[in-house]
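What follows is a set of notes on a single structure, which appears directly below.
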Amino acid sequence: MKKFLIALAAISLAACSGEVNHSEGDVSHAGHQMDEGMVISSARVLPPFPGRDTAAGYMSITNHSKTDDKLVSVTSPISGAVEIHSHMEDNGVMKMRQVDGIEIKAGETVELKPGSFHLMMFKANLPEGQEDVSVTLNYEKAPSVTMIVPVDGRGAEKAGSAHEDHGSGTKDN
Ligand SMILES: [Cu+2]
């Protein structure tokens, strides 16, 4: 197990070299964050459906530290209210609800993805053409990290296949 983790770290270091400017203080690019115990990959924000104003955020978070931790809140300048949601089946119906955080045990990866944990960014201010979003993750133990997350589908509209699942059955908005 230990060997596996070391190998993973080496891969992310290799992927990082020569590509990212780390001079921007605490702002790091998604997937290239290597000085903290929490490593984010595949982060993306799905813009709201036309006529709606709720964006969704997905990513995978790996806890490379030796202590269990928890993602407790998320903030972003594009939304005054970013909530952490989970999806669960209730009598055969998939429902989502706000949770007070996501536990990420030492050595484990949690995926925020359609049909599972996800971020909901209410009243998102995401003008056409904006291609990335600043997102800050706050943990129970690890230091908060701000990263730049690409907006999915911008530039090449992808018909929101993942978004479809997310939007169904919601009563908010
Ligand atoms: Cu939701």
Side-chain angles (χ1 to χ4, degrees), residues 1-46 54-90 94-122 124 126 131-152 162-163 165-166:
M1 188 59 187
K2 188 151 197 190
K3 213 167 197 172
F4 176 66
L5 286 179
I6 290 166
L8 257 185
I11 288 165
S12 69
L13 273 173
C16 203
S17 59
E19 195 185 336
V20 179
N21 179 1
H22 283 285
S23 64
E24 303 170 82
D26 62 350
V27 175
S28 52
H29 286 256
H32 295 278
Q33 174 194 332
M34 56 187 189
D35 24 23
E36 315 294 344
M38 311 300 274
V39 175
I40 311 298
S41 62
S42 308
R44 64 233 189 254
V45 166
L46 294 192
T54 306
Y58 303 116
M59 66 190 66
S60 88
I61 306 175
T62 300
N63 182 352
H64 281 294
S65 78
K66 291 188 170 60
T67 37
D68 297 347
D69 207 335
K70 186 177 181 178
L71 176 70
V72 291
S73 68
V74 178
T75 56
S76 171
I78 69 156
S79 168
V82 182
E83 295 183 359
I84 302 169
H85 281 198
S86 75
H87 247 113
M88 48 192 55
E89 199 178 310
D90 181 9
M94 286 302 284
K95 289 184 174 168
M96 63 175 191
R97 66 160 202 219
Q98 188 176 6
V99 293
D100 71 350
I102 301 174
E103 308 260 6
I104 309 165
K105 294 203 187 312
E108 289 195 348
T109 297
V110 172
E111 270 199 82
L112 282 69
K113 60 185 179 184
S116 180
F117 289 117
H118 58 276
L119 305 177
M120 297 205 60
M121 313 171 90
F122 291 98
L126 197 47
E131 291 179 355
D132 47 42
V133 169
S134 168
V135 174
T136 301
L137 305 182
N138 304 303
Y139 302 101
E140 202 166 72
K141 294 169 191 150
S144 298
V145 172
T146 298
M147 57 187 181
I148 305 300
V149 177
V151 176
D152 219 10
H163 212 167
D165 173 73
H166 178 267

Heavy-atom closest pair, residues Ala55 and Val45: CB-CG1, 4.1 Å

Atom pair OG1/NZ of Thr67 and Lys141 - distance to nearest 0.5 Å: 5.5 Å

Atom of His87, atom of Gly115 and distance for their closest heavy-atom approach: CB-O, 3.3 Å

Pairwise side-chain contact, Met121 with Val82, heavy-atom cut-off 4.5 Å (strictly under): yes

Heavy-atom pair of closest approach, residues Ser76 and Val133: OG-CG1, 3.4 Å

Gap separating the CD1 atom of Ile40 from the CE atom of Met59, nearest 0.5 angstrom: 6.0 Å

Point-to-point distance, once rounded to the nearest 0.5 Å, from CG of Leu137 to CD1 of Ile102: 9.5 Å

Rounded distance [0.5 Å steps], NE2 in His118 versus NZ in Lys113: 13.5 Å

Least distance between heavy atoms, Ile84 atom then Leu71 atom: CD1-O, 3.9 Å

Over all atoms of both residues, closest heavy-atom pair of Ser144 and Asn138: OG-OD1, 2.6 Å

Working for side-chain contact (heavy atoms from CB on, under 4.5 Å), residues Ile61 and Phe117: CA-CA 11 Å; Ile61 306 175; Phe117 289 117; over 6 Å; no

Pro114 side chain reached by Tyr58 side chain, heavy atoms, under 4.5 Å: yes

Minimum side-chain heavy-atom gap Asp69-Glu140 below 4.5 Å: yes

Contact summary for Asn63 and Ile104, nearest pair of heavy atoms: ND2-O, 2.9 Å

Min side-chain heavy-atom separation Val145-Met38 under 4.5 Å: no

Spacing of Ile78 atom CD1 and Leu126 atom CG [to the nearest 0.5 Å]: 4.5 Å

Lys105/Asp68 under side-chain contact (heavy atoms from CB on, under 4.5 Å): CA gap, chis, key distance, verdict: CA-CA 4 Å; Lys105 294 203 187 312; Asp68 297 347; 3.6 Å; yes

Whether over 12 other heavy atoms sit under 6.0 Å from Lys70 NZ: yes

Spacing of OG1 belonging to Thr54 relative to CG belonging to Leu46, to within rounding of 0.5 Å: 12.0 Å

Whether His85 and Phe122 hold their rings parallel, tilted or perpendicular, with breakpoints at 30° and 60°: tilted

Close side-chain approach of Arg97 and Ser86, heavy atoms under 4.5 Å: yes

